[in-house]
Every structure is written in structure tokens, then in C-alpha cells.
Number of protein chains: 2
Amino acid sequence: MAEALGPAQMRTYFALTEAVSLLQYAVRQQLQAEGDLSYVQFEVLATLADADRPLTMTELADGVVYSRSGLTHQAGLLEKAGLITRTASPHDQRATVVDITRAGRRRVEKVLPGHIEVVRDLLYGALSDSDVQTLGDLMSRVRDHMRDRPPRSAASRKQHNPLQ
Amino acid sequence: MAEALGPAQMRTYFALTEAVSLLQYAVRQQLQAEGDLSYVQFEVLATLADADRPLTMTELADGVVYSRSGLTHQAGLLEKAGLITRTASPHDQRATVVDITRAGRRRVEKVLPGHIEVVRDLLYGALSDSDVQTLGDLMSRVRDHMRDRPPRSAASRKQHNPLQ
DNA sequence: TATTGTTATACTCTATAACTATA
DNA sequence: TATAGTTATAGAGTATAACAATA
């Protein structure tokens, strides 16, 4: 059933893994050093800034693949830092509505240039425009395919599946 | 200095990020569920199995980008689980030589098929052979470029750099 | 003096389970 | 009964700094 990967598949998997690992490490360093933010915290702030309207915790969790308690914890930290607010939703009293503050937006703006610089230098430093296009096409297809998968083939066998 | 990324660059970055995030999540689930291993522990075991000779802690750390104390901690866990051994090197009394045990090899063998299955299904399920080749070429170039970089442009500015 | 590795420690992230409250 | 979210708690991963031993 499970057959070995071919040499090209191995090579691609390893290259992808190592490159992304290096990129993630650099990005995390930058966010921490310049904005005192973990990657997840940055994702939450960026999601809110991008949405340009308050989001519920559930909406946020959808974008940030995460356990709910984990998101609650991160939201608590961000709120304590004054970067977001949490208020009860008027429409559904169960829901919590999360909004980004001006300080939150400033923090994103403070961190974004460095973030972009890291990505441009590391990820795109060795790629032409058409390479970027090609890579985007490939990874978009991969991403769409993964989204469509029954959550996790291997994990669900063991009914050990926290999400979904 | 830091200019915005173009639309194609944004799209590619997000696609890459999300796809890899989904893949990592699935891989971690699988390794944990089927082998009770974290990803880093799997990397250590796989590195040792692949090297086919004992490695020093330093050699291991080179392959697994990691703080030394973190590697010591993981090695302690793997040793306690009977998957590796640590002994003083005869050549250099400072060095610790790490070897994989038969149980360690069995554990890798136990986990590998499921690991491969996840990668094949998720990463390669939507790619043709030539796509795999193309992706491998691109990511190999990206990886090589990243390896050659002064450790982390952003981080080193803040002299906050744990590696190198 | 520089290097190898460990220890002690502390902090962050993430998850589970139990819980409250609303729908 | 199901859903939204929080709390309490615990465990895993990672890092820093101080340290011992060897080169």
C-alpha cells in the first residue's frame, strides 16, 4: 500500500522541508526581535488587520488552524498587550468579537517591512519573476488539494484528531 | 528599502505557507499517533539511521538546526526510551557519540510507511512527475540560497542570534 | 582559551477536559 | 442538545546562562 518515494520525490520533499524550515526560523526571529510577537500572534493581528472588521473567535480560529483554548490564550496575551479588544457580540451572546486596536495596527505596520524584507531576500532572492509564478501555481494546487482532504488520513485512523 | 511584495509574490508566499503548514500538521499527527515521536525526535532518529554510523552531538545538531541544550534534552528522552545510546567518544573525550539502537531502527521502520503515505497523498497527490521535478529544482535553489545567507539578516541586527 | 556537552531553569505554545452561558 | 468560548491544568519544546571537562 505505502510504496517508497522515488528519488525525485525525496529530493523535492527534503528541499522543500529544509527551505521552509530556514525561512520559518528567520521569520520568527524577525517578528520576535522587531515586534515581540510570536508567529501565531502576528497571524492573528494580520488576519484582523486584513479583514478590516471585527471577527469572532471561531472565525479567527478558522484562519489560524488552532485549538480553541490555544486561541483564547493567545487572544488573552494580545489583549493584555493592548493590541486587540474582546467584547461580547450583540447578535449572538455566546460569541466573542475580536477587534484590532490602533496599537495593534501600529505593531503590524512596525513589523511588516522587516517581515517582507526577510521573505524577499530569503525566499525570492534566488527566483525570477516567472519562477515565482510557477512556484505559486504549484503550491496553490498543492494547498487546494490538501484543503480538500479528509482531515488527516493517518491521524483519523487512530481517532486522535483534535480538529474537525 | 523594504518595498511591498507584488501580487504574485504574495500569492506564492501564502500558498507555500499554508500548504506547508497543513503538511507539517499532518506529518506531526502521524508521527505522534503511530510512533509516539515528535518531529524533531523523528529527524534525529532518521538522521542516525541514514548516516549509518554514530554521530557526535555537534554533528547531529548541524543536521537538525537546534540549540545544543534542546538537542541534549531530546537525546535524553530518546535514550530513556531506548532508541539511542550516548557514550563518550574515544577520540575526543569532550565529545558524546550518539548511536541508534535496534529498537530505534524498528521505530523508524514502523513510522516510515505512514510518513511516506502522508507525504505522497498530501504533497504529491496533485502533482505530476514533471511538477515534482520543477518544484524540486525551484526549492533546491531557494534552499541553497538560504544556506548561503549571513545567518539571519533581521535577527543579527539585534545581536539576538542563537546559532552561528 | 576555545570547544563539547550537560544542567538548571524558565518561558512559550499547545492541548484536554471540565465548565458556563447562550442558542 | 448543540455551540461559543473560557478556565484550569499539564505536557512538550525551546532557549539562556552557568558550568564541568577536555583540547
Side-chain angles (χ1 to χ4, degrees), chain A residues 21 24-25 28-29 31-33 35-44 54-62 64-81 84-98 151-152 155 158-164, chain B residues 21 24-25 28-29 31-33 35-44 54-62 64-81 84-98 151-152 155 158-164:
Chain A
S21 166
Q24 285 178 335
Y25 191 90
R28 280 176 188 154
Q29 286 290 120
L31 292 175
Q32 196 65 54
D36 196 30
L37 293 173
S38 71
Y39 185 72
V40 175
Q41 289 161 3
F42 172 72
E43 271 191 308
V44 169
L55 298 177
T56 65
M57 293 293 282
T58 298
E59 286 175 317
L60 261 180
D62 287 346
V64 186
V65 182
Y66 214 55
S67 74
R68 285 215 292 224
S69 65
L71 181 57
T72 295
H73 178 239
Q74 293 301 330
L77 295 177
L78 290 171
E79 189 176 42
K80 196 183 304 179
I84 65 169
T85 59
R86 283 186 291 182
T87 54
S89 164
H91 307 299
D92 183 338
Q93 293 285 33
R94 293 171 306 181
T96 296
V97 159
V98 184
R152 334 271 158 210
K158 298 266 183 181
Q159 56 262 41
H160 195 290
N161 196 341
L163 299 110
Q164 278 278 2
Chain B
S21 165
Q24 285 179 334
Y25 190 90
R28 279 174 189 157
Q29 286 291 121
L31 292 174
Q32 195 63 55
D36 196 29
L37 294 174
S38 71
Y39 185 71
V40 175
Q41 287 161 4
F42 171 73
E43 270 191 310
V44 169
L55 298 177
T56 66
M57 293 293 281
T58 297
E59 286 174 316
L60 261 181
D62 286 346
V64 185
V65 181
Y66 214 53
S67 74
R68 284 214 294 221
S69 65
L71 182 58
T72 296
H73 178 236
Q74 292 301 328
L77 294 177
L78 290 171
E79 189 176 43
K80 195 184 303 182
I84 64 169
T85 59
R86 282 186 292 181
T87 54
S89 165
H91 308 297
D92 183 340
Q93 293 285 36
R94 293 171 304 178
T96 296
V97 158
V98 183
R152 333 273 157 205
K158 299 268 184 179
Q159 56 263 42
H160 196 289
N161 196 340
L163 299 108
Q164 276 278 0

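Owing to the predicted nature of the structure, the values given are computational and were not obtained by experimental measurement. First the proteins, then the strands, lettered A, B, ... as listed; each starts at 1.
Distance, Met57(B) CE to dA21(D) P: 18 Å, rounded to whole Å. Distance CD (Glu43(A)) to P (dC13(C)): 12 Å, rounded to an integer number of Å. The CG-C1' distance, from Leu37(B) to dG11(D), rounds to 16 Å in whole Å. A straight line from CZ of Phe42(B) to C1' of dG13(D) spans 18 Å, rounded to a whole angstrom. dG5(D) atom P lies 16 Å from atom CG of Leu78(A), rounded to whole Å. Look at CZ on Arg28(B): it is 12 Å from C1' on dA12(D), rounded to the nearest Å. One can place NE2 of His91(A) at 21 Å from P of dT3(D), the figure rounded to the nearest angstrom. For Gln32(B) and dA15(C), the CD to C1' distance is 12 Å, given to the nearest whole Å.
Dashed line: the shortest gap from a side-chain N or O of Ser69(A) to OP1 or OP2 of dT6(D) is not under 4.0 Å. Here Gln41(A) reaches the OP1 or OP2 of dC13(C): one of its side-chain N or O atoms lies under 4.0 Å away. Phosphate contact (OP1/OP2 of dA4(D), side-chain N/O of Gln93(A), threshold under 4.0 Å): absent.
Comparing dT6(D), dA17(D), dT16(C) by their nearest atom to the side chain of Thr72(A) picks out dT6(D). Considering only the side chain of Ser67(A), dA15(C) comes nearest among dG13(D), dA15(C), dT16(D). Of the listed nucleotides (dA15(C), dG5(D), dT22(C)), dT22(C) has the atom at the smallest distance from the side chain of Arg94(A). Between dT14(C), dG13(D), dT22(D), one nucleotide has an atom nearer to the side chain of His73(A) than all others, and that is dT14(C). Residue Thr96(A) places its side chain closer to dG5(D) than to any other of dC13(C), dG13(D), dG5(D).
Counting non-hydrogen atoms under 4.0 angstrom, Ser89(B) reaches nothing in the nucleic acid. Here Glu59(B) lies out of heavy-atom contact (under 4.0 Å) with every strand. Within the 4.0 angstrom heavy-atom criterion, no nucleotide atom of any strand lies near Leu71(A). Using a 4.0 Å heavy-atom criterion, one finds that Arg86(B) contacts the sugar-phosphate atoms exclusively.
Closest approach of Arg86(B) and Ala75(B) over heavy atoms only: NH1-CB, 3.9 Å. Nearest heavy-atom pair across Leu77(B) and Gln41(B) is CD1-NE2, 3.7 Å. For Leu31(B) against Ser38(B), the heavy-atom pair with the smallest separation is CD1-O, 4.5 Å.
Within the 4.5 Å cutoff, side-chain heavy atoms of Val44(A) are placed close to those of Leu71(A). Using a 4.5 Å cut-off on side-chain heavy atoms (C-beta onward), Glu43(B) and Gln74(B) make no contact. Side chains of Arg94(B) and Thr56(B) form no contact here, defined as non-hydrogen atoms less than 4.5 Å apart.
Arg68(A) contributes a side-chain N or O that forms a donor-acceptor pair with the base of dG5(D) under 3.5 Å. Between the side chain of Thr58(A) and the base of dA4(D) there is no donor-acceptor pair of N/O atoms closer than 3.5 Å. Between the side chain of Thr56(B) and the base of dT4(C) there is no donor-acceptor pair of N/O atoms closer than 3.5 Å.
Rounding to the nearest 0.5 Å places CG of Leu78(B) at 5.0 Å from CD1 of Ile84(B).
With the end axes of the helix from dT1(C)-dA23(D) to dA23(C)-dT1(D) each set by five pairs, the angle from one to the other reads 0° at 10° resolution.
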